[in-house]
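Data block below; observations after.
Just the heavy atoms: all of them, side chains too, but no hydrogens, waters or symmetry mates, feed the values below.
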Amino acid sequence: MKEDRLIYTDYPFSSPKMDLNTRAKIFLPFSALKGFEQKIDEANQFHIDKIEIDNDMKQYIYETLSFIESNSTNTEIQVVYYEDYDYKMINGVIRIIDFQDGFIIIDDKKININDIYDIN
């Protein structure tokens with residue numbers, strides 16, 4: 001019978017065995033919507049506008065920095081500053097105060113003096 005011959009004969013062609021690395025790539029996770037997660041993260045970020053401080057507060061900040069510079073003590077201070085659409089707080093010792101270029105360095109962080117919101 002023809003059917004018996006077809007059942008017991010080898011399949012006319014066989015696919016070559018796939019190596020394990022190629023086979024593993026088939027089952028790797030993938031993102032169907034490339035960049036979607038990044039766009040969601042960007043949309044969920046909360047942006048805060050920079051608050052303009054009054055002249056009294058600016059003067060207080062400059063006086064405090066001048067006092068620290070003249071005493072050159074390793075006093076730890078706390079600075080609230082504006083960066084990347086958000087207010088951040090840092091505690092540390094001021095290493096450099098540069099009034100001419102308008103920045104301070106606390107530990108290894110460079111902060112623009114005009115971005116300082118509060119200093120203690």
Side-chain angles (χ1 to χ4, degrees):
M1 288 172 82
K2 284 185 177 179
E3 294 85 17
D4 289 339
R5 202 172 26 152
L6 288 174
I7 292 173
Y8 296 112
T9 58
D10 289 337
Y11 196 66
F13 64 90
S14 63
S15 60
K17 293 271 185 193
M18 195 181 298
D19 66 83
L20 289 177
N21 288 333
T22 307
R23 185 171 170 80
K25 288 179 185 176
I26 294 173
F27 299 104
L28 285 176
F30 71 99
S31 176
L33 301 172
K34 291 198 182 287
F36 181 71
E37 290 292 328
Q38 182 181 2
K39 291 293 182 184
I40 293 294
D41 290 341
E42 288 174 7
N44 287 336
Q45 287 182 347
F46 190 65
H47 296 288
I48 299 173
D49 293 332
K50 184 177 179 182
I51 299 169
E52 290 298 321
I53 59 174
D54 60 358
N55 289 333
D56 292 337
M57 189 62 182
K58 285 181 185 178
Q59 185 174 352
Y60 169 75
I61 291 170
Y62 274 93
E63 287 174 357
T64 304
L65 292 174
S66 297
F67 177 77
I68 293 170
E69 183 181 44
S70 64
N71 290 336
S72 65
T73 60
N74 289 334
T75 306
E76 186 165 319
I77 64 162
Q78 180 181 48
V79 175
V80 178
Y81 63 99
Y82 186 77
E83 181 183 60
D84 297 330
Y85 302 104
D86 195 13
Y87 282 93
K88 299 179 181 179
M89 186 181 341
I90 187 170
N91 293 317
V93 177
I94 293 183
R95 298 185 188 271
I96 297 173
I97 299 174
D98 189 343
F99 288 110
Q100 185 175 355
D101 293 330
F103 70 88
I104 63 172
I105 296 180
I106 298 178
D107 296 334
D108 292 327
K109 179 70 179 164
K110 184 177 180 179
I111 301 170
N112 188 333
I113 292 176
N114 293 328
D115 291 336
I116 295 176
Y117 181 74
D118 192 17
I119 189 168
N120 294 319

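Around atom CG of L20, no more than 12 heavy atoms belonging to other residues, nucleotides or ligands sit under 6.0 Å away. Around CE of M89, the count of heavy atoms belonging to other residues, nucleotides or ligands within 6.0 Å does not exceed 12.
Taken together through direct or relayed side-chain contacts under 4.5 Å among Ile, Leu, Val, Met, Phe, Trp and Tyr, V93 and I90 form parts of separate hydrophobic clusters. The cluster map of Ile, Leu, Val, Met, Phe, Trp and Tyr, joined by side-chain heavy atoms under 4.5 Å apart, puts Y62 and F103 in different clusters. Under the 4.5 Å side-chain heavy-atom criterion for Ile, Leu, Val, Met, Phe, Trp and Tyr, I116 and I105 are members of distinct hydrophobic clusters. No path of Ile, Leu, Val, Met, Phe, Trp and Tyr side chains, each step under 4.5 Å between heavy atoms, connects I106 with F67, placing them in separate hydrophobic clusters. Linking ILVMFWY side-chain heavy atoms closer than 4.5 Å, directly or via other members, places I68 and I96 in two distinct hydrophobic clusters.
Rounded to the nearest 0.5 angstrom, E76 CD and I94 CD1 are separated by 11.0 Å. Atoms NZ and CG, from K110 and D101 in turn, are 7.0 Å apart once rounded to the nearest 0.5 Å. Interatomic distance, CD1 of I77 versus CG of L65, reported as 6.5 Å (0.5 Å rounding).
Taking all atoms of both residues into account, the shortest heavy-atom contact from E69 to F99 is OE1-CE1, 3.2 Å.
Considering only heavy atoms from C-beta on, K88 stays 4.5 Å or farther from K109 through its side chain. Contact of the I61 side chain with the I53 side chain is registered, since non-hydrogen atoms from C-beta on lie closer than 4.5 Å. Between D118 and Q78, the closest side-chain pair of non-hydrogen atoms is not below 4.5 Å. You'll find the side chain of I119 reaches within 4.5 Å of the side chain of Y60, heavy atoms only.
In this structure, Y87 contributes its side chain and Y117 its backbone to no donor-acceptor pair below 3.5 Å. Between the side chain of D84 and the backbone N or O of D86 there is no donor-acceptor pair closer than 3.5 Å. Checked by atom type and distance alone, the side chain of N112 pairs as donor or acceptor with a backbone atom of N114 at under 3.5 Å.
For the salt bridge (Lys or Arg N to Asp or Glu O under 4.0 Å) test, no residue two or more places apart in sequence or in another chain qualifies with D108.
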